[in-house]
Every structure is written in structure tokens, then in C-alpha cells.
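Below is one structure, written out as C-alpha cells; the observations come after it.
Owing to the predicted nature of the structure, the values given are computational and were not obtained by experimental measurement. Values below: every heavy atom of this structure, side chains too, minus hydrogens, waters and symmetry copies. Both ligands and their constituent atoms are indexed starting at 1 by order of listing.
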Amino acid sequence: MIPKHTIGSNALRSNALCSNALRSNAHTHTTFCDGADSAEELVRHALSLGFISLGFSGHSYYPDCSHYCMSPEGTLQYQAEIRRLQAAYQDRITVRLGLELDYFSQVDLAPYEYIIGSVHHFRDPSSHIFYAFDGSADHFRQMLDQSFNGNILALARAYYSMLAQLVTQPQQGRRIDIVGHFNLITKQNRVHHLIDESDPAYQKIAYEALRACAQTGAIFEVNTGAMARGYANEPYPNLEMLRWLHELKAPVIITSDCHAMACLDFAFEEARQLLLTAGYRSVMRLGRNSLFEEVAL
Ligand SMILES: [Zn+2]
Ligand SMILES: [Zn+2]
């Protein structure tokens, strides 16, 4: 979940010159959830950028967060609309029907071609208060103080263990295809500096979850969404984590977590450079013939 914000001043850092390998996005939100644009507007924009494929990943329904996820009725409309677009544009672009599945969501996964697994929330076991890991800086601080007694490592442990659980445990007989925004809890770090990403204790917690997720064969997204909104200068995961992933030979896919079409390919070239620095020479993308295909960076 990424609340609507004014898009950062560098919002138009779209890469008209981006490599052919990147002309695709698998993490795209529409007006069926909290995106600003219709699915068809996004398809047309993807075509104007020369994309070969576009995958939609509406937020899965769950009652506690109905303000940004797809409603049960909206979910059916979403599926029908994406299928309509698949047929209408099949000669020009491959459109895929995906879902961003939240940890707390229980929806039928059968209609979807691929699943992004994401943890956005924490439910305090005592107060039952529902917090967002990617909420405002104040909200994050409140969650840290009230649910974790100010212990940031305890918060990190809770977040990463939920993510590892979501990715490693089969959901309705299938596995998560893409690990969503791996280190999302660092979103407000520019404001509150609560997470020291170089702290070995933090890194150990994150690494164990990363390795557990990688062992399933899941693809890790290199998500530029926080860069588009001005929260961060680097994608999720950060460069060090990308190095860990490269060592583990984990596949990666560059995504924009797009909530507004101007950001459909935001900072893809920077993500590509970062992956080259981490040692990667190829990435996955949504293919025209196979669901995912490997392409050179
Ligand atoms: Zn998300
Ligand atoms: Zn998303």
C-alpha cells in the first residue's frame, strides 16, 4: 500500500532512452484500487513508451484497508477489464492479470497469472490496532513505540518474518511469484532515521528473510516506487541487498509500483545501473510468450 501523495519534483524522470530489456512493468495500480489512472490509459501509455508487456497488480481486498484495496465487486470488474484489454491490445502489447496479495488478505487467487506478495500492515496482538509499515513517519513512530516498546529490531523482526512467511508458505497451492518491496520498512528512514541499514543485527534479520524467500525461487522486484514519490534515492531492496540476492543467484525484476502513469518507468535506468553494480547481467520481465522471460541488462 502506498498512500496517495503529491508526486516528487523529480517525478518525470522517465527514461525515454531506457534499455529494451526494461520496457515492461509488472507492478501497476489502477483506479480499481489506489491508482490515479484507468487500466486502458495505462496500456496506452505503456504503448507510447514502447513497452512489450504490462502487468496489472491491483491491491487484494481485505476489510481493514478497504480505502485503498479493490472492493469485492471491484475485483471482479478489474479481472473483466484486464481480460478485455488483453484481447483488445493483444497484437500490440502483452497484458497480464496479476495481483498484489497482502499478508492479511484472503481472496481467490485462481484468476491471476502471477502474484506479488507484500506485507503492508501489522496488527498489534494486544490492542488489535492495525498499523501500516509504509504509513507516515509519525504513524511509523507510533507503531514502534506502542507495539514494540521503541525497539526497532523487534519491529524489523516482525516485518521480515511476516514477509518470509507469506512468500515461503504456499497460498492456495501456489507460490508467490514476486517478492514485493522487500525492505519497505525503510520508507520513512529519511525522516526518522530509525533503521540503521548497516547495523549487523538488522542485516542479519533482513538477510535471513531474504534467503528464505530466495530459496523458493521467487523473483525479487527492484521497486522504484519510493523514488518516484521522493521518499528514497534507491529502490527496494537497497544495493547491499541486491548484492546478497546476486550471490544467492536470485532472479530480479525491475518494477515501478506505478500509481500514476507518469511514473510507469520511473528511474528504470537507475535501477538497471544499480543491478549492474550488484553484479547482475540479466533480469526477468513479463514476456510475450512465457509469463516471465530473462533478458540481458
Ligand atoms: Zn505494496
Ligand atoms: Zn503496489
The NE2(H181)-the Zn ion (ligand 1)-NE2(H120) angle, to 10°, is 100°
Need one value: angle at the Zn ion (ligand 2), H27 atom NE2 versus H29 atom NE2, rounded to 10 degrees. 100°
Show every donor-acceptor pair shorter than 3.5 Å between a side-chain atom in residues 240-253 and any protein atom, with sequence neighbours excluded, or say none if there are none.
| residue | atom | partner | partner atom | Å |
| --- | --- | --- | --- | --- |
| E240 | OE1 | Q203 | NE2 | 3.0 |
| H246 | ND1 | A278 | O | 3.4 |
| H246 | NE2 | G279 | O | 2.9 |

Should the pair E81-R84 be classified as a salt bridge under the 4.0 Å nitrogen-to-oxygen rule? yes
Restricting to N, O or S atoms, which atom of E100 is closest to the Zn ion (ligand 1)? OE2
Atom name, D257 (N, O or S, nearest to the Zn ion (ligand 2)): OD1
Minimum heavy-atom distance between A267 and T224, given as atom pair plus value: O-CG2, 3.9 Å
Just checking, is any N or O donor in the side chain of Y131 or Q146 under 3.5 Å from an acceptor N or O on the other one? yes
